[in-house]
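Report on the structure given below.
Here is how names work: the chains are called A, B, and so on, in the same order as the sequence lines, proteins then strands, and each is numbered from 1. Because only heavy atoms are used, hydrogens play no part in the values below, and waters and symmetry mates are left out as well, while side chains stay in. Keep in mind the model is a prediction, meaning the values are calculated, not measured.
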Amino acid sequence: MKSTLTTLKTRFNQALVAAFGAELEGTDPMLVPASNPKFADYQSNVAMSLSKRLGQNPRAIADQIVAHLEVADLCEPPTVAGPGFINLFVQPSYLAAQLRAMQTSDRLGLPQAKHPQKIIVDFSSPNIAKEMHVGHLRSTIIGDSIARVLEFQGHDVLRLNHVGDWGTQFGMLITYLREAYPEALTTANALALGDLTTFYKQAKARFDEDEDFRERSRLEVVALQSGNEDTLKAWSLLCEQSRIAFQEIYDLLDIRITERGESFYNPLLPSVVTDLEAAGLLVEDNGAKVVFLEGFTNKEGNPLPLIVQKSDGGYNYATTDLAAVRYRIQQDHCDRIIYVTDAGQANHFAQVWQVARRAGWVPDHVELVHVPFGVVQGEDGKKFKTRSGDTVRLRDLLDEAIARARADLEARLKEEGRTESEEFIQQVSRVVGLAAVKYADLSQNRTSNYIFSYDKMLALQGNTAPYMLYAYVRVQGISRKGGIDFEHLGADSPLVLEDETELTLAKSLLQFDEILAAVEADLFPNRLCQYLFELSQKFNQFYDRCPVLQAEEPLRTSRLVLADLTARTLKLGLSLLGIPVLERM
RNA sequence: GCUCCAGUAGCUCAGCUGGAUAGAGCAACUGCCUUCUAAGCAGUUGGUCGCAGGUUCGAGUCCUGCCUGGGGCGCCA
């Protein structure tokens, strides 16, 4: 199924060449959905932009384009308005044909990527021996959604969990493990750390209070780096415990991710340094091996170094990230590497990538993308914390959302005199609660900070997950009431688009492809949210104005098709946000 | 000191390569359930787009300076 926008762009290009000659070949027709539906469905702003180049006034240019524009099969006759806007309304018959194509397609007529890429989405990335907390929420949810969109578009996506499973803190943790759980290293499956946060805090407390403990910790770091078997075993026990805890969260959120932690790159670190040296980039500075950066200065105004090997011979996260970039390009053969991390790491990535580029590791076709996001704040605008000032555990946050969704649901059931099974209540609370958390996060432009509010995300009205889930439920309600089998709706029955709300809904349904293309390119899931919210609004307007089951044929079947397409679009769109739908709620 | 991001309605936020009277949601107020779940729909009220210049036929959007908030800045990740 061909996108309307794509078709129109082609026609505009032909008209531009026909009107002004071959030198306008390839000119962007500046075709966008109209700023106001009263004016048009689509508008082209190209006439204004060509004014200077062609030395004519924009209205005259617009008139000439329109004279050469062949769109009679899709649109009403184009009109020129204002300073030179070319306005297009699509025809109901065209809409009907497109909807039909959508109806009979198993992916709603949405195109796959013409050139599928190998793409890594690096997201979530918690630290071993620490619990996932609110700081991991956005990366996990946004990264998953981006991966889902790219997968749906047909790209080969590798979801990578770059967990923090290496570093000096393991000396402390392993030392504490030996001290507090000595049996863990000798007895199989003897370890059950339970609360990892507590374990970490206790280890830290011991480290801070005891000089002898600190010394043993330092020795453990050396033992770990030199591959001491016993120490590695302790390390892997800690990793395994953490994995179990992480997996519970990922299961709850329905997120798939492949672990490839920092330790994976350990064997590659020495060659990072030697390669940089061979490339002539490496400089020794105060005993450390560094690459001086271009465009980054320190407090004195001198070039800032990127340290790739510390003066004690150890490596740091810049080295690991360099090794990762190189590996992902050379071994994974990636075309696009997407890092979903907080905005605070923007400098770090800019620095690492600069060095990788200067080392010649990044071919021109490879795109390195940082997908930054703002911090999660409480309703007071400060960093989101528990009442006692602790970091909010992700598990607690999700449980709280589910509990609140349940309280809402139970209050409603009581109010409406409904009785539902415990299983139903659990299922709905869980889906609504988690959907609310995900949607609230995804629906904001990720670059700004995010004020976390249970009350707002779980609100039963407005731009929230429950609103959209409810729109979907309404369609399923129609199908239940009328005993409708959406799979076998009369494909021969004509689509009738007469009511304003039917037309508006139809147009909205056909714009899904444009939104997906935008998200694929710009990696802003909030645009998908915005679209789904508007689609839901348009459906609710349609639902309010147009009776479906009571309508006469062929209107009845036509409206059923519209309802079904809306539901399928919502289901697919929400699934790309990592949100499942409900049949009833 | 340098640097990155943000500043749009009372609150939370959209605003896509600059384009027509700046949009939602919440909150407030008014209507609409004998009809597919009213978790809905229709409507009213509400904005010097941080400030000041500049570029442009046209600026919330681009440039410069300033103010405010948040982050980052050599051996943590």
Side-chain angles (χ1 to χ4, degrees), chain A residues 28 30 32-36 38-39 43 45 48-49 51-52 57-58 81-85 87 125 127 164 166-169 262 285-290 295-301 304-312 314-318 320-321 342-348 350-351 372 374-375 377 379 381 383 408-409 412 416 418 432 440 443-445 447-451 453 455-456 459-464 466-467 469-471 473-475 477-482 484 514-515 518 521-522 524 526-527 529-530 533-534 537 540-541 543-545 547-550 563 584-585:
Chain A
D28 182 353
M30 303 187 72
V32 289
S35 58
N36 187 326
K38 271 186 282 185
F39 297 138
Q43 66 181 58
N45 304 325
M48 279 87 78
S49 73
S51 177
K52 200 160 269 178
N57 85 59
F85 299 107
N87 287 334
S125 305
N127 291 316
W166 204 255
T168 48
Q169 78 275 18
E262 293 168 356
D285 188 59
N286 290 328
K289 292 188 172 143
V290 310
F296 293 90
T297 53
N298 63 16
K299 287 164 191 164
E300 287 76 46
L304 195 70
L306 185 74
I307 295 174
V308 294
Q309 188 165 19
K310 298 186 284 184
S311 50
D312 68 1
Y315 303 104
N316 59 16
Y317 75 128
T320 306
D321 280 342
D342 65 277
Q345 296 195 50
N347 271 337
H348 167 68
Q351 294 170 359
V375 299
Q377 298 172 317
E379 293 188 69
K383 202 170 172 187
D408 274 341
L409 175 63
R412 267 188 72 75
E416 295 174 7
R418 285 165 63 190
V432 170
S443 61
Q444 287 209 17
N445 184 318
T447 49
S448 49
N449 291 342
Y450 165 45
I451 295 186
S453 162
D455 289 339
K456 290 210 164 106
L460 303 179
Q461 54 276 102
N463 186 3
T464 61
Y467 179 91
L469 292 172
Y470 180 61
V473 161
R474 282 183 138 178
V475 178
I478 294 174
S479 114
R480 270 195 306 280
K481 176 102 179 190
I484 307 297
E514 294 160 24
I515 299 301
D522 303 334
F524 280 105
N526 65 303
R527 299 198 43 194
C529 294
Q530 182 79 20
F533 175 58
E534 285 170 7
Q537 281 185 313
N540 279 326
Q541 288 159 6
Y543 183 91
D544 196 54
R545 288 254 309 250
V548 178
L549 293 173
Q550 295 95 321
R584 294 193 304 127
M585 62 192 282

Taking A59(B) as the reference, what is the distance to A14(B) when you measure between their P atoms (whole Å, please)? 24 Å

Between G65(B) and U55(B), how far apart are the two C1' atoms, rounded to whole Å? 15 Å

Under 4.0 Å: is that the gap between some side-chain N or O of R474(A) and OP1 or OP2 of A38(B)? yes

Please measure how far the P atom in U61(B) lies from the corresponding atom in G53(B), and state the result in whole Å. 14 Å

What interatomic distance, in whole Å, is found between P of A38(B) and the corresponding atom of U44(B)? 23 Å

Holding to ring-ring contact (aromatic ring centres under 6.0 Å, His included), I want the full list of residues that pass it with Y315(A), two or more places apart in sequence or in another chain. none

Pairing residues for D28(A) by the salt bridge (charged side-chain N to carboxylate O under 4.0 Å, His left out) criterion, not counting sequence neighbours: none

Most 5' of Q351(A) and Q377(A) on RNA chain B, judged by nearest nucleotide: Q377(A)

P spacing across the pair U12(B) / A27(B), given as an integer number of angstrom: 15 Å

C4(B) glycosidic torsion: syn (within 90° of 0) vs anti: anti

Taking every heavy atom of I451(A) against every heavy atom of E379(A), the minimum-distance pair comes out as CG2-CA, 3.8 Å

Check each of H348(A), Q345(A), Q351(A) against D321(A) using the side-chain hydrogen bond (donor to acceptor under 3.5 Å, both in side chains) test, and report the only one that passes. H348(A)

Considering only side-chain heavy atoms of N445(A), which listed nucleotide, G15(B), U21(B), A38(B), is closest? G15(B)

Hey, does the side chain of Q345(A) come within less than 4.0 Å of G71(B)'s phosphate (OP1/OP2), counting only N and O? no

When rounded to the nearest Å, what value does the distance between C1' atoms of A52(B) and C16(B) take? 29 Å

Partners of R527(A) by salt bridge (charged side-chain N to carboxylate O under 4.0 Å, His left out), sequence neighbours excluded? D522(A)

Using the P atom as the point on both nucleotides, what is the distance between G15(B) and U8(B), in whole Å? 14 Å

Sort me out a list of protein N/O and nucleotides 55-58 of chain B N/O pairs below 3.5 Å, or just none if empty.
| from | atom 1 | to | atom 2 | distance (Å) |
| --- | --- | --- | --- | --- |
| C57(B) | OP1 | K52(A) | NZ | 3.4 |

Within the supplied structure, the quantity of interest is the number of heavy atoms (other residues, nucleotides, ligands) at a distance under 6.0 Å from K310(A) NZ; does it exceed 12? yes

Measuring only the C1' atom in each nucleotide, how far is G25(B) from A9(B)? A whole number of Å is fine. 12 Å

Residues at least two apart in sequence or cross-chain that pass ring-ring contact (aromatic ring centres under 6.0 Å, His included) with Y467(A), listed by chain then number, are F533(A)

Any N or O donor-acceptor pair under 3.5 Å from the base of A20(B) to the side chain of Q43(A)? yes

Under 3.5 Å for both donor-acceptor distances, Watson-Crick or wobble: does C75(B) have a partner, and if so which one? none

Sugar-phosphate only, base, or nothing, as touched by Q169(A) at under 4.0 Å among non-hydrogen atoms: nothing

Every protein N/O lying under 3.5 Å from an N/O of nucleotides 2-8 of chain B:
none

Under the 5.5 Å and 30° test, is F85(A) stacked on the base of A20(B)? yes

